[in-house]
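Atom set for the values below is all heavy atoms of this structure, side chains included, hydrogens, waters and symmetry mates excluded.
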Amino acid sequence: MAQVLVCNSKQDEIDLIQAEIGNKFTLHSMTSWNEEPLELKGIDAIILDTNFTEIHGFDFLMEVCDKSVVPVLLITAPDEPLSAIEARRIGAFNYRVKTDKLYTVLEVAVREMIIASNDLLELKQTILAQKTRIAE
């Protein structure tokens, strides 16, 4: 079962995510981050809410993108459309807007993100292997 880290400062929202997709993935949660180094070994995906840090989780997202290839799905409030754009620029794999329907599509969004990310990593490895063979 895929390991998913949920980063959200509101425990009640983590509980909603747990109730909706907790039987499809093994969920781990963080309600805060004090900029300590991240240990993401074994984590297949991250769900990051913009409420996670004071600057919409961008500091956390930059740390993740700098240190790993774990795909991140950003959850943004409907009144924060620029957060999604900025998160994509930083390196978030995708985003979803926090609406009433969010939790019903979250499983599919996370599963598709993991599959697409794995496909992309495999493609990169194939290209690197071909470059090595060509160089030889």
Side-chain angles (χ1 to χ4, degrees):
M1 193 175 296
Q3 306 283 319
V4 177
L5 176 61
V6 180
C7 301
N8 189 316
S9 66
K10 298 178 181 176
Q11 185 62 49
D12 60 325
E13 291 182 7
I14 292 174
D15 294 341
L16 287 170
I17 292 170
Q18 175 69 42
E20 193 64 39
I21 67 171
N23 61 341
K24 306 293 183 188
F25 306 101
T26 300
L27 298 182
H28 308 274
S29 64
M30 289 177 70
T31 55
S32 65
W33 177 62
N34 61 2
E35 299 186 22
E36 72 255 9
L38 295 172
E39 177 55 51
L40 298 174
K41 189 171 187 141
I43 298 296
D44 299 301
I46 297 173
I47 300 171
L48 172 62
D49 197 293
T50 55
N51 70 27
F52 188 57
T53 67
E54 289 183 23
I55 57 170
H56 302 292
F58 296 150
D59 48 351
F60 181 82
L61 179 60
M62 284 188 264
E63 178 75 13
V64 169
C65 293
D66 285 346
K67 304 279 193 277
S68 75
V69 294
V70 176
V72 178
L73 179 69
L74 182 81
I75 306 299
T76 185
D79 61 344
E80 296 177 349
L82 293 178
S83 292
I85 294 167
E86 183 61 25
R88 290 290 305 228
R89 285 183 184 147
I90 292 170
F93 198 86
N94 209 343
Y95 71 92
R96 290 290 175 265
V97 176
K98 194 182 298 184
T99 65
D100 296 341
K101 303 289 184 194
L102 170 68
Y103 301 107
T104 61
V105 299
L106 197 54
E107 177 195 345
V108 173
V110 171
R111 190 168 310 286
E112 290 299 314
M113 177 178 66
I114 292 170
I115 290 168
S117 177
N118 288 341
D119 289 347
L120 186 58
L121 283 174
E122 187 177 319
L123 179 61
K124 285 179 181 180
Q125 290 170 345
T126 301
I127 291 169
L128 289 173
Q130 282 186 317
K131 284 183 178 183
T132 301
R133 285 193 298 270
I134 291 170
E136 291 171 352

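- Once rounded to the nearest 0.5 Å, the distance linking CD of Q3 with NE2 of H28 reads 3.5 Å.
- Each of Y103 and V108 belongs to its own hydrophobic cluster when Ile, Leu, Val, Met, Phe, Trp and Tyr are linked at side-chain heavy-atom distances under 4.5 angstrom.
- Using a 4.5 Å cut-off on side-chain heavy atoms (C-beta onward), I21 and I47 make contact.
- A chain of hydrophobic side-chain contacts below 4.5 Å, direct or via other Ile, Leu, Val, Met, Phe, Trp or Tyr residues, connects F58 to V97.
- Looking only at atom types and distance, the side chain of D15 has a donor-acceptor partner in the side chain of Q11 under 3.5 Å away.
- E136 and R133 are not joined by a salt bridge, as no carboxylate oxygen comes within less than 4.0 angstrom of a charged side-chain nitrogen.
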When you look at L74 and L61, which way does the side chain to side chain contact (heavy atoms under 4.5 Å, CB included) test go after all the steps?
CA-CA 9 Å; L74 182 81; L61 179 60; 5.5 Å; no

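- For E39 (side chain) and K41 (main-chain N/O), a donor-acceptor pair under 3.5 Å exists by modelled atom type.
- Residues N94 and R88 meet the side-chain proximity criterion, which asks for heavy atoms closer than 4.5 Å.
- Nearest heavy-atom pair, L102 versus R96, reported as atom, atom and distance to 0.1 Å: CD1-CB, 3.6 Å.
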Might you work through the side chain to side chain contact (heavy atoms under 4.5 Å, CB included) test for L16 and D12, ending with a clear yes or no?
CA-CA 6 Å; L16 287 170; D12 60 325; 5.8 Å; no

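- Under a hydrophobic-cluster definition in which Ile, Leu, Val, Met, Phe, Trp and Tyr are linked whenever side-chain heavy atoms come within less than 4.5 Å, directly or via other members, I115 and V70 are assigned to different clusters.
- Between the SG atom in C7 and the CZ atom in F60 there is a gap of 3.5 Å [rounded to 0.5 Å].
- Residue Y95 qualifies as open at atom OH: its count of foreign heavy atoms under 6.0 Å is 12 or below.
- In the hydrophobic cluster analysis, where Ile, Leu, Val, Met, Phe, Trp and Tyr join through side-chain heavy atoms closer than 4.5 angstrom, L48 is grouped apart from L106.
- For the atom pair CD of Q125 and CG of L120, the computed distance is 10.0 Å after rounding to the nearest 0.5 Å.
- A pairwise comparison of heavy atoms in L73 and A109 identifies CD2-CB, 4.1 Å as the closest pair.
- Taking the side chain as every heavy atom from C-beta outward, N8 and N51 approach each other to under 4.5 Å.
- The SG atom of C65 lies 14.5 Å from the CZ atom of R89; values are rounded to the nearest 0.5 Å.
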What verdict does the side chain to side chain contact (heavy atoms under 4.5 Å, CB included) test give for E13 and K98, after you've listed the backbone C-alpha separation in whole Å, the side-chain angles of each residue and the deciding distance to 0.1 Å?
CA-CA 11 Å; E13 291 182 7; K98 194 182 298 184; 3.0 Å; yes

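- Note that the CG atom of N23 and the CD atom of Q18 stand 8.5 Å from one another [nearest 0.5 Å].
- Among all heavy-atom pairs drawn from E80 and T76, the shortest one is O-OG1, 3.1 Å.
- Residues that satisfy the side-chain hydrogen bond (donor to acceptor under 3.5 Å, both in side chains) test with D59, not counting sequence neighbours, are T53.
- I75 is not connected to I43 by any chain of hydrophobic side-chain contacts under 4.5 Å among Ile, Leu, Val, Met, Phe, Trp and Tyr, and they are in different clusters.
- The heavy-atom pair separating M30 from F52 by the smallest distance is O-CE1, 3.3 Å.
- A heavy-atom distance below 4.5 Å is found between the side chains of F93 and S117.
- The two residues I114 and D44 have their closest heavy-atom pair at CG1-O, 4.0 Å.
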Begin with the C-alpha distance, continue with both residues' side-chain angles, and end with the deciding distance and a verdict on side chain to side chain contact (heavy atoms under 4.5 Å, CB included) for L40 and I46.
CA-CA 10 Å; L40 298 174; I46 297 173; 4.2 Å; yes

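- Taking each heavy atom of M113 and A45 in turn, the nearest pair found is CE-CB, 3.6 Å.
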